[in-house]
Amino acid sequence: MTFSTRGKYRGSPGTLTVGGGSLVFTRVDGLISKKERVVVTIPTHAIVSVNVEGLVGKKLVVLVDGSKVPGIPRHEFQVRNPHDWKAAILREMGSGEPAESKSRDARKEVYVKEITREIVKVPCSYCGALNELTVKKCMSCGASVGRG
Ligand SMILES: [Zn+2]
C-alpha cells in the first residue's frame, strides 16, 4: 500500500511517497518535457524515528541510521498532514522486512487457528439422552449418571 501527497523537501516542492519499503521524494522538472526526478530515497528499514516538529507549519522529521544508508541522517519534509504521514511511515516500517512480515503472518496464522475440543457424550441409562461426561445428573430426566 502506498501513501502519497504533495509536499516540500528542503524548500522545494514535489511529491512524497511511502510504500514498497521506502520513502521517496520526487520532483517534476521542466515545463514542456516534464521529467520526474527522485530527490531522496530512504529505505524504511533505515529509519530510526519519525517525528512531527514545530507548532506552526508542522514538519515531518525522519531520522535515519547512518550506518545503514550513507548521507544525511535527518530529513525534513513539509506536508499538510504530518501526523497521517508519521502513521503511514510507521506502518511501512512494520511491514518492510520480509523476514519480519513472514513471522508476523505465522503469528497471525496461529492466532486465527480454531481450537476444537472433542466433547465426549454418554447416553443416559434411563432415557437414552446424550449427556456430557462431566455431568452428574441427566440433563433430560434428572437421573444420576456416570460413576457417581
Ligand atoms: Zn436420562
Side-chain angles (χ1 to χ4, degrees), residues 1-124 129-140 145-148:
M1 205 180 102
T2 55
F3 188 61
S4 177
T5 45
R6 296 195 61 77
K8 279 184 178 181
Y9 176 67
R10 290 167 187 269
S12 56
T15 307
L16 186 62
T17 307
V18 66
S22 58
L23 179 68
V24 184
F25 188 83
T26 52
R27 206 173 80 189
V28 175
D29 284 339
L31 290 169
I32 299 154
S33 63
K34 288 191 194 313
K35 270 188 182 165
E36 196 180 58
R37 197 163 69 90
V38 175
V39 181
V40 64
T41 304
I42 304 166
T44 48
H45 70 83
I47 297 172
V48 179
S49 72
V50 183
N51 300 299
V52 177
E53 290 181 9
L55 292 169
V56 185
K58 286 189 173 87
K59 295 177 295 203
L60 180 76
V61 178
V62 177
L63 298 178
V64 174
D65 184 347
S67 65
K68 285 182 181 170
V69 283
I72 41 172
R74 185 187 163 98
H75 300 267
E76 288 183 14
F77 301 95
Q78 271 176 288
V79 281
R80 275 231 321 264
N81 42 0
H83 290 285
D84 290 351
W85 267 98
K86 184 182 173 177
I89 294 167
L90 292 177
R91 241 188 347 259
E92 188 64 28
M93 283 163 75
S95 63
E97 303 286 283
E100 199 181 306
S101 64
K102 213 175 270 178
S103 67
R104 179 182 291 227
D105 285 348
R107 203 159 61 226
K108 201 190 286 168
E109 214 171 278
V110 170
Y111 186 72
V112 296
K113 195 173 273 179
E114 247 181 83
I115 300 164
T116 51
R117 195 175 50 187
E118 209 181 329
I119 297 163
V120 180
K121 288 190 175 181
V122 286
C124 169
L130 289 171
N131 291 293
E132 285 184 28
L133 199 61
T134 50
V135 300
K136 286 199 169 78
K137 281 183 176 181
C138 174
M139 301 293 278
S140 178
V145 292
R147 292 164 295 267

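The distance from atom OG1 of T26 to atom CZ of R6, rounded to the nearest 0.5 Å, is 8.5 Å. Note that the CG atom of L23 and the CH2 atom of W85 stand 6.0 Å from one another [nearest 0.5 Å]. With rounding to the nearest 0.5 Å, the separation of NZ in K121 from CG in N131 is 8.5 Å. Rounded to the nearest 0.5 angstrom, K86 NZ and K58 NZ are separated by 12.0 Å. With rounding to the nearest 0.5 Å, the separation of OG1 in T44 from CG in L90 is 10.5 Å. Distance CD1/I72 to CG/L63: 11.0 Å, rounded to 0.5 Å.
Taking all atoms of both residues into account, the shortest heavy-atom contact from P82 to V79 is CD-O, 3.5 Å. Nearest heavy atom pair, residue T41 against residue S22, reads CG2-CB, 4.1 Å. For the pair P123 and L130, the tightest heavy-atom approach, listed with the atom from each and the gap, is N-CD2, 3.7 Å.
Counting heavy atoms from C-beta on, the side chains of E92 and I47 never come closer than 4.5 Å. For the pair S12 and R27, the minimum side-chain heavy-atom distance is below 4.5 Å. L60 has its side chain within reach of L16: a pair of non-hydrogen atoms, C-beta onward, lies under 4.5 Å apart.
Using the six-membered ring where Trp is involved, Y9 and F25 have ring planes that are tilted, between 30° and 60° apart.
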*asked:* Using the rule given for side chain to side chain contact (heavy atoms under 4.5 Å, CB included), can you reason through H75 versus V40, listing the C-alpha separation, both sets of side-chain angles and the distance that settles it, and then say yes or no?
replied: CA-CA 9 Å; H75 300 267; V40 64; 3.8 Å; yes
*Applying side chain to side chain contact (heavy atoms under 4.5 Å, CB included), run through V39 and R10 and close with a yes or a no.*
CA-CA 10 Å; V39 181; R10 290 167 187 269; over 6 Å; no
